[in-house]
Amino acid sequence: MYDHIEIENKWKKYWEDNKTFKTDVWDFSKPKFYALDMFPYPSGVALHAGHPFGYVATDIVSRMKRMQGYNVLHPIGFDSFGLPAEQFAIKTGKHPNGFTEANMKTMRLQLKTLGLSYDWDREISTHDPKYYKWTQWIFKKMYEDGLAKQINMPVNWCEELGTVLANDEVIDGKSERGGYPVVRKNMKQWVIDIPKYAEKLLSGLNDLDWPESTKEMQRNWIGKSIGALVDFKVDNFNETFTVFTTRCDTLFGATYCVLSPEHELVDKITTEDKKEDVRKYKEESSKKTDLERTELNKEKTGVFIGSYAINPVNGKKIPIWISDYVLASYGTGAIMAVPAHDSRDYEFAKKFNIEIIQVLEEVTGTPHEGETHKDSIVAVVYDKKNDKYLTINWKENGGRLFVGGTRKENESALDCALREIKEETGYDDLEFVKETFKINHHYYAYNKDKYFEIESTGLLFNLKSDHKVAQNLDDDENFIVEWVNKDQIESEVKDELHLKTFNYCINEEAMIGDGIHINSEFLNGLNKQDAIDKMIEFLEKNNLGKKKINYRLREWIFARQRYWGEPIPIVEFEDGTTKALDDKDLPLVLPELDDYKGKNGNPPLENAEDWKYVTIDGKKAKRETSTMPGSAGSSWYFLRYIDPNNDNELANKQLLDYWMPVDLYVGGPEHAVGHLLYARMWNNYLYDKGILSIKEPFKRLVHQGMLLGANGVKMGKRFPEYVINPNDIAKKFGTDTFRLYEMFMGPLEAEKPWSDSGVEGARKFLDRVYRLYTQENKISDSENPNLDKIYNQTVKKVTEDYENLGFNTAISQLMIFVNAVYKEDIFPRKYAEGFIKLLNPVSPYITEELWNKVLGYDNTISYESWPTYDESKLKDETYQMVVQINGKVRGKIEVSMDTTEEEMKKLAKNIDNVKNYIDGKEIIKEVVVPKKLVSIVVK
RNA sequence: GCCUCAGUGGCGGAAUCGGUAGACGCACAGGACUUAAAAUCCUGCGUGAGUUAAAUCACGUGUCGGUUCAAGUCCGACCUGAGGCACCA
């Protein structure tokens with residue numbers, strides 16, 4: 001047992017006294033490496049064992065890179081504006097600054113104990129006026145460029161928190177913090193026009209080394225959809241409205257239109273007799289919170305407003321409805337409804353009995369040249385009493401099918417179906433239920449040697465009684481009539497047409513897939529994509545609409561009605577015009593208040609009477625009293641680390657060009673769309689301004705997985721007895737053990753449960769290492785060839801694994817090496833030093849100690865050169881190969897580098913056990929994979 | 001409902017390109033040391049059959065099917081779990 005307390009205190013002091021990890025950012029002589037952690041939020045709760053996961057990971061890479069000769073920037077700071085400090089201020093009437101600074105102090109101590117090699121001279125915090133001066137400055141630039149602006153828009157208002165929230169701060173209609181209800185409210189708000197950057201943010205994702213899931217989440221959040229705007233004239237009114245659709249190919253199937261209740265045209269085009277209905281509906285839907293809207297989305301609601309729109313492609317009059325399933329904030333707030341081919345429209349049309357026109361036909365079978373066309377039916381008959389369906393079993397001549405047949409000339413689908421059912425099965429007491437979507441089917445009839453292309457209509461009947469007449473069959477019709485249940489149909493009916501028809505019969509849903517167009521004049525016969533292209537061409541030529549790209553991403557609401565945030569550096573004059581403060585007036589510092597709580601829904605800064613009013617350019621003006629959201633300060637902090645004390649610019653350009661982008665960024669997946677999207681946008685903007693030379697700030701991103709308590713449940717308030725404090729572990733087992741254990745638990749990205757015995761195992765390994773160096777007396781200046789291969793393998797694997805953040809497998813390799821050394825009597829000094837260097841990034845304290853005390857070096861190990869390996873030592877003179885017979889391992893052979901494949905085969909066949917399997921059998925195939933196996937197939 | 005990821009011993013987890021499944025650690029069992037215990041060191045450890053012991057054989061990576069000489073790995077369908085999005089037209 002080594003004394004971890006003594007060793008760790010000693011080296012912690014050494015690193016601080018010597019500023020071991022101070023970065024000289026101006027030293028451009030070495031390659032750079034920028035390793036970044038998501039900076040913590042200094043809440044009152046201390047870090048638990050889950051937080052350091054990411055910190056230790058970046059620290060390991062930073063330490064290795066330093067030893068590999070990189071100039072490493074590895075900073076930390078605090079995201080120190082935000083809600084808990086605000087609530088503390090409201091409760092106590094004290095300035096949140098003191099609370100924040102105290103929390104920062106606690107966390108700083110915790111982080112230092114973890115042995116993280118940060119350059120503490122670069123620490124920044126977002127609430128520091130010297131820092132937020134530049135947050136305000138960037139905002140000001142965006143304001144001047146029209147990117148930050150005030151607009152009137154529906155916002156997420158949280159009454160409980162007394163503030164508006166951004167979309168990513170609202171989860172399931174409730175506030176992310178606190179879980180309070182959020183309602184939609186029209187307000188004048190500061191926003192950042194992030195949709196202007198939608199395309200850049202989308203295309204920029206392609207080259208990033210990020211988790212695919214995060215990139216996908218950002219793509220979905222941006223929500224690009226390519227479609228068309230189509231203009232609809234309102235009959236009897238001199239008005240037009242525009243809809244956005246991604247399916248303009250289905251325009252001939254539009255049977256009604258829907259406007260969102262908030263649409264500006266609604267009041268103008270509602271007919272007199274419908275005014276009251278509309279007024280009531282609008283009132284109801286405006287009262288719903290977002291939560292209620294989503295909860296109530298099971299059942300569609302809406303009202304007809306009395307007027308009609310003209311379908312621009314065929315002049316047909318179609319009714320206009322309003323419904324809250326159409327959102328005011330997406331697209332144009334109006335849609336054309338095609339119930340046959342959109343599930344929401346289908347549901348709505350079914351409920352309100354609106355016409356459904358099929359314009360797209362699913363295609364089954366394979367089309368063939370020279371087909372004969374037929375119209376036909378497939379009839380499904382359901383016997384409710386026995387829960388069975390009527391089928392015809394053709395056995396080897398087609399298997400199980402439903403009743404089917406060809407329509408005679410001028411015969412309706414219904415008549416045809418009734419006739420066929422009667423002829424083939426005799427049943428004639430039926431109730432017609434519905435006709436389903438038509439299917440375009442292609443098949444080859446063996447008995448007639450002909451290819452057919454049929455348009456098949458599906459029909460569903462209920463059996464009313466068992467009444468039967470005699471069947472009327474042709475000679476070649478040889479089958480059994482059988483009633484079977486649903487499961488049997490699903491497993492036994494193989495014919496695509498019949499199975500699809502059955503699904504259409506029993507499921508009430510729209511036909512969403514691709515197919516060929518029908519009932520669509522110039523689109524008939526085209527598939528979905530071709531029809532979309534042709535329709536857009538048609539709309540544009542006739543001035544009825546145009547191609548349009550739409551994004552789901554909306555303006556980033558950039559003001560909070562709170563105190564503890566960056567003041568927005570804008571003033572408003574009495575005439576309503578606004579102006580940004582001059583650069584010399586930045587930072588605009590938060591004033592102290594007597595009361596940190598806003599009154600009557602006003603921001604707290606409204607209470608700062610002296611601060612609020614200023615004279616600018618000789619005119620009276622009032623300051624903006626909202627503050628910026630938490631995501632403001634974190635959108636550019638990684639730039640400030642590079643040059644944290646610069647008072648003249650946000651950071652020196654030469655330094656920015658050298659150090660950006662961040663080479664490795666590790667943080668939780670909860671920031672996938674919020675912070676990570678905003679930071680990318682600010683970085684892209686600063687690139688456009690020429691302040692940065694790169695567009696994307698984070699080259700490589702990794703999310704650390706969550707650490708669960710020993711009970712397998714998330715560490716947190718709910719199970720306080722399962723929360724692990726890293727400082728407790730550090731005290732009992734040492735920080736080195738803590739770091740080693742956390743990294744050994746499993747892949748960085750995975751979710752992992754804590755295990756106390758696992759920690760003890762990690763400590764045992766460090767004790768074993770310590771004993772190896774201090775008690776075993778094996779370290780020697782002589783060589784030991786027995787360790788050559790394993791040492792070089794270890795250097796290779798550990799180096800590669802650290803690079804790929806595969807810490808668990810790297811540590812496993814270090815253990816394998818130590819086990820091997822224990823079996824030897826001589827531990828060559830060169831290998832002893834190399835091993836300590838390999839272990840140093842994970843367990844820095846014990847390795848510094850051994851480097852100093854046992855290996856006798858005066859300096860820190862932190863800048864010693866990283867071990868290299870000798871490729872030639874990795875190779876064996878002989879190696880083992882597996883012999884497989886019919887895919888099963890039946891023996892092994894030992895071969896040398898110059899054994900030929902023929903010799904390998906011969907050796908393989910010579911094994912006794914192999915002989916048992918091949919003697920008297922015919923060898924069909926022999927496969928030799930050098931260095932792996934010999935595979936023999938016998939019969 | 002849609003998107004993304006995952007599912008391997010008693011447990012955490014390993015396994016480049018398809019090529020000996022279960023590395024390493026924990027737990028457990030046996031042994032050595034010890035008056036004894038702890039610590040340490042050594043050995044064993046997927047399940048079943050087989051044997052004094054081996055050899056050997058069968059089964060085995062969520063389920064079912066497919067491709068292949070060969071599948072944890074590739075393909076198809078499904079089940080379960082995690083995260084995200086959700087009336088986005």
Side-chain angles (χ1 to χ4, degrees), chain A residues 1 171-172 211-221 223-225 227-228 243-248 250 258 260 293-294 296-298 300 323-327 329-338 341-345 347-348 509 550-554 669-670 672-673 703 705-706 740-741 744-747 749-762 764-765 767-768 771 775 800 806 808-816 818-819 822-823 880-892 912-913 916 924-929 931-938:
Chain A
M1 289 284 278
I171 314 281
D172 287 336
E212 198 46 49
S213 57
T214 303
K215 290 207 255 184
E216 201 53 34
M217 257 193 246
Q218 292 212 351
R219 284 188 195 109
N220 292 341
W221 193 259
K224 180 180 184 172
S225 54
V243 305
F244 173 72
T245 176
T246 56
R247 294 298 304 275
C248 64
T250 61
V258 188
S260 70
R293 269 206 187 191
T294 41
L296 291 173
N297 87 34
K298 285 156 204 145
K300 296 260 180 301
S323 170
D324 61 10
Y325 87 87
V326 173
L327 307 175
S329 48
Y330 184 77
T332 59
I335 62 156
M336 65 173 204
V338 185
H341 305 291
D342 180 282
S343 46
R344 295 150 300 178
D345 298 345
E347 197 189 320
F348 192 85
E509 51 194 33
N550 204 46
Y551 298 94
R552 196 188 84 108
L553 186 66
R554 275 171 256 162
E670 66 274 17
V673 285
H703 297 304
M706 209 189 338
L740 179 78
Y741 172 62
F744 184 58
M745 286 172 85
E749 299 88 338
E751 203 172 71
K752 301 162 283 268
W754 182 265
S755 149
D756 286 329
S757 54
V759 183
E760 284 169 34
K764 263 198 268 186
F765 171 69
D767 280 332
R768 211 163 135 81
R771 268 198 310 277
Q775 287 172 23
E800 286 171 1
N808 54 334
T809 48
I811 291 165
S812 142
Q813 184 64 38
L814 292 171
M815 289 171 170
I816 291 170
V818 170
N819 290 345
Y822 260 87
K823 293 199 170 73
Q880 205 183 46
M881 281 174 66
V882 167
V883 181
Q884 289 184 352
I885 311 296
N886 288 350
K888 304 240 181 211
V889 179
R890 300 299 180 189
K892 286 161 191 176
D912 285 345
N913 195 37
N916 294 337
I924 300 171
K925 195 170 181 178
E926 288 172 284
V927 181
V928 178
V929 183
K931 293 189 188 178
K932 299 266 185 196
L933 49 70
V934 179
S935 181
I936 302 169
V937 188
V938 297

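Letters A, B, ... are given to chains in the order of the sequence lines, protein chains preceding strands, and every chain is numbered from 1.
- Between A:Lys925 and B:C69 there is a side-chain N or O to OP1 or OP2 distance below 4.0 Å.
- Taking 4.0 angstrom as the limit, A:Lys931 places none of its side-chain polar atoms (N or O) nearer than this to OP1 or OP2 of B:U16.
- Side-chain contact of A:Asn819 with A:Arg768: a donor-acceptor pair under 3.5 Å is present, judged by distance alone.
- Between A:Asn819 and the phosphate of B:G25, there is a side-chain N or O to OP1/OP2 separation shorter than 4.0 Å.
- A:Asp342 places its CG atom 17 Å from the P atom of B:G1, with the value rounded to the nearest Å.
- In this structure, A:Pro211 reaches neither bases nor backbone, as no heavy-atom distance under 4.0 Å exists between it and the strands shown.
- Regarding A:Asn220, its CG atom lies at a distance of 12 Å from the P atom of B:C5, rounded to whole Å.
- The side chain of A:Ile335 has B:A89 as its nearest neighbour among B:A89, B:C24, B:C57.
- Look at A:Lys888 and you won't find any side-chain N or O under 4.0 angstrom from OP1 or OP2 of B:C57.
- In this model, a side-chain donor or acceptor of A:Ser935 finds a partner on the base of B:C69 within 3.5 Å.
- The shortest distance between the side-chain N/O atoms of A:Thr809 and the OP1/OP2 oxygens of B:A23 is not below 4.0 Å.
- Stacking of A:Lys300 on the aromatic ring of A:Phe348 is not recorded, the 6.0 Å distance cut-off and the 45° axial limit not both being met.
- Nearest nucleotide to the side chain of A:Ser757, out of B:C69, B:G25, B:C26: B:C26.
- Regarding contacts with the backbone of B:C57, a side-chain N or O of A:Asn913 is found under 4.0 angstrom from either OP1 or OP2.
- Taking the C1' atoms as reference points, B:G18 lies 15 Å from B:G66, given to the whole Å.
- Comparing atom distances between the A:Phe744 side chain and each of B:C87, B:C24, B:U20 picks out B:C24 as nearest.
- A:Arg554 comes within contact range of at least one nucleobase, with a heavy-atom separation under 4.0 Å.
- A distance-only check finds a donor-acceptor pair linking the side chain of A:Tyr741 to the backbone of A:Ser755 [under 3.5 Å].
- Between B:U68 and B:C17, the two C1' atoms lie 15 Å apart (nearest whole Å).
- Using a 4.0 Å heavy-atom cutoff across all strands shown, A:Val882 reaches at least one base atom of the nucleic acid.
- Base orientation of B:C85: anti, the glycosidic angle falling outside 90° of 0.
- If you check every strand for non-hydrogen atoms under 4.0 Å, A:Ile816 touches sugar and phosphate atoms only.
- Comparing the C1' positions of B:C45 and B:G81 gives an interatomic distance of 30 Å, to the nearest angstrom.
- Using modelled atom types, one side-chain atom of A:Asp345 and one backbone atom of A:Val338 make a donor-acceptor pair closer than 3.5 Å.
- In this entry B:A21 has no Watson-Crick or G-U wobble partner, no candidate having both defining distances under 3.5 Å.
- The A:Gln884 side chain lies nearest to B:U20 when the options are B:U20, B:A58, B:G13.
- To the nearest 0.5 Å, atoms CZ (A:Phe765) and CD1 (A:Ile811) are separated by 8.0 Å.
- Contact annotation: A:Arg552 side-chain N/O to B:C85 OP1/OP2 distance is not under 4.0 Å.
- A:Glu751 comes within 4.0 angstrom of the backbone, heavy atoms only, and of no base.
- Pairing for B:U56 goes to B:A49, judged as Watson-Crick or G-U wobble with the two contacts each under 3.5 Å.
- Remark: B:A82 base-pairs with B:U4; criterion is Watson-Crick or G-U wobble with both hydrogen-bond distances under 3.5 Å.
- Looking at heavy-atom distances under 4.0 Å, A:Ser343 makes no contact with the nucleic acid at all.
- Base pairing annotation: B:C28 forms a Watson-Crick or G-U wobble pair with B:G44, both donor-acceptor distances under 3.5 Å.
- Side chains of A:Val883 and A:Arg890 form no contact here, defined as non-hydrogen atoms less than 4.5 Å apart.
- Residue A:Ser812 places its side chain closer to B:C24 than to any other of B:C24, B:A14, B:A89.
- One interatomic measurement links the two molecules: CD of A:Glu749 to P of B:U4, which rounds to 18 Å at whole-angstrom precision.
- To the nearest 0.5 Å, the span separating CE on A:Met881 from NZ on A:Lys931 amounts to 11.0 Å.
- Searching all strands for a Watson-Crick or G-U wobble partner of B:A39 with both distances below 3.5 Å returns nothing.
- Rounded to whole Å, the C1' atom of B:U47 lies 8 Å from the corresponding atom of B:G60.
- Comparing the P positions of B:U35 and B:G48 gives a spacing of 40 Å, expressed to the nearest Å.
- For B:G84 and B:G72, the P atoms lie 33 Å apart once the distance is rounded to whole Å.
- A distance of about 40 Å separates the P atoms of B:A58 and B:U4, rounded to the whole Å.
- Rounded to whole angstrom, the span from the NZ atom of A:Lys764 across to the P atom of B:A38 amounts to 12 Å.
- One can place CD of A:Glu509 at 11 Å from P of B:G1, the figure rounded to the nearest angstrom.
- Below the 3.5 angstrom threshold, one finds no donor paired with an acceptor across the side chain of A:Glu216 and the base of B:G84.
- Considering all non-hydrogen atoms of both residues, A:Met336 and A:Arg247 come closest at CE-O, 3.5 Å.
- Within the structure, a side-chain polar atom (N or O) of A:Arg771 is placed less than 4.0 Å from OP1 or OP2 of B:C41.
- Rounded to whole angstrom, the span from the CH2 atom of A:Trp754 across to the C1' atom of B:G25 amounts to 15 Å.
- Spacing between B:A14 and B:C24 at atom P, rounded to whole Å, works out to 14 Å.
- Nucleotide B:G65 forms a Watson-Crick or G-U wobble pair with B:C75, both donor-acceptor distances falling under 3.5 Å.
- At least one side-chain heavy atom of A:Ser329 sits under 4.5 Å from a side-chain heavy atom of A:Arg554.
- A:Gly331 comes within 4.0 angstrom of nothing in the nucleic acid, heavy atoms only.
- Using a 90° window around 0 for the glycosidic torsion, B:G9 falls inside it and is classed as syn.
- Remark: P of B:G18 and CG of A:Leu933 are 14 Å apart, rounded to the nearest angstrom.
- Distance, A:Met217 CE to B:C5 C1': 10 Å, rounded to whole Å.
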